[in-house]
Amino acid sequence: MSAEKPENCLEVRHVSCSFGVRRGLFGQKSDRLLAVDDVSFTVGKGETLGLVGESGCGKSTLARLILRLLPLDSGDILFQGESIAHLGPGQGAARRLQMVFQDPFSSLDPRMKVGSSVAEPLRAAGVPAEECRRRVAEMLEQVGLAPEQAALYPHEFSGGQRQRIAIARAFITRPDFVACDEAVSALDASVQAQVLNLFKGMQQRYRFSCLFISHDLAVVGHVSDRVAVMYLGRLVELASCRQLFSAPAHPYTQALLAAASSRKPGAKAPLVLLGEPPSPLDPPSGCVFHPRCPLAEERCRHERPLFRELGGGHAAACHLAKAVL
Ligand code: SF4
């Protein structure tokens, strides 16, 4: 029998996740917030899938579901062909998935020397102390720090250096999949470019698969092979970088791109999104984007658009999206 591994590193199948929230002045009413609503996609081996959308659209929840930091309501997550939906964080195959957060302090203990923090995932995997020290020194050098800096504490580093340390910690076990959640958003432009280049260099070296989450389309376009766009817990478009930036099919993606290009000198005024994003506690019927969509028709108010293939791997959830020839 062939033992060939599947082409996909990760497969997210119809995943949904909701949270209980308290409402009312004294929290007397309880409701459910559907943070991720029937989301499906794959990430190929060695591929970087960018994930964009406004704050609160469910991007970070999705990453935490994949990393097994949150339970699913329904659906399945397959890692290298095996379901990991029943596993806790760092259990079994989930050990081969890692995450880089926006705020490196969330993964670095301020009272622990950075060498110990970087070594922690290795120690948890039972790697002997001497081998841990050797690999930490090697990894610090790879992320542009000196091995001697292992003896310092997180507060003795700049924001960009702390993110390098968080990257070293995430990569020390040679993961097969990494989720980067707004990993460069808190950095200023020049440091952001350095960290992105470091990240691309690491990917060339280790060939890991990645879900790269950002609200910034330019950043996502810089590192991704394909891009997924999320709105109010749903995936609304998925395409290669080239397809998405040259021929976006969903009106929400079109508005995001127009807003991003309007920030460039001499650009035209952006396609303005109508109103504010609706509350995820009370999502609109039909197409969740319809209250803000300049192209909305009557059926958009009642009929949920299917997330459908338009051709060439380009998919979108819009009644009006045309097939790509
Ligand atoms: Fe706009 Fe209708 Fe398409 Fe939704 S389905 S994005 S409301 S045109």
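FYI, the numbering just counts along the sequence from 1. Start at 1 and go down the list; that is how both ligands and their atoms are numbered.
- Within 6.0 Å of atom NZ in Lys322, 12 or fewer heavy atoms from other residues, nucleotides or ligands are found, so the atom counts as exposed in its surroundings.
- In summary, His290 places no N/O/S atom under 2.8 Å from atom 3 (Fe) of ligand 1, failing the contact criterion.
- Counting non-hydrogen atoms of neighbouring residues, nucleotides and ligands closer than 6.0 angstrom, the CD atom of Gln91 exceeds 12 such neighbours.
- Of the charged side-chain nitrogens involved, none lies within less than 4.0 Å of a carboxylate oxygen, so that Glu138 and Arg205 do not count as a salt-bridged pair.
- Atom numbering of ligand 1 starts at 1 in the shown order; those under 4.0 Å from a heavy atom of His250 are 6 (S).
- Summarising the contacts of atom 1 (Fe) of ligand 1 with Cys293, Pro251, Pro284, Cys287, the nearest heavy atom is found in Cys293.
- The shortest contact between atom 2 (Fe) of ligand 1 and any protein heavy atom is with Cys300 SG, 2.3 Å.
- Just one residue in the list Met139, Glu120, Gln98 forms a side chain to side chain contact (heavy atoms under 4.5 Å, CB included) with Ile172, and that residue is Met139.
- In the vicinity of Leu320, heavy-atom distances shorter than 4.0 Å reach the ligand 1 atoms 8 (S).
- Among protein heavy atoms, the minimum distance from atom 5 (S) of ligand 1 is reached at His319 N, 3.3 Å.
- Paired with Tyr231 under the rule side-chain hydrogen bond (donor to acceptor under 3.5 Å, both in side chains), one option of Arg292, Glu54, His250 passes, and it is Arg292.
- Under the 4.0 Å criterion applied to side-chain N and carboxylate O atoms, Asp176 and Arg207 are not assigned as salt-bridge partners.
- Ligand 1 places these atoms under 4.0 Å from at least one heavy atom of Cys318: 3 (Fe), 5 (S), 6 (S), 8 (S).
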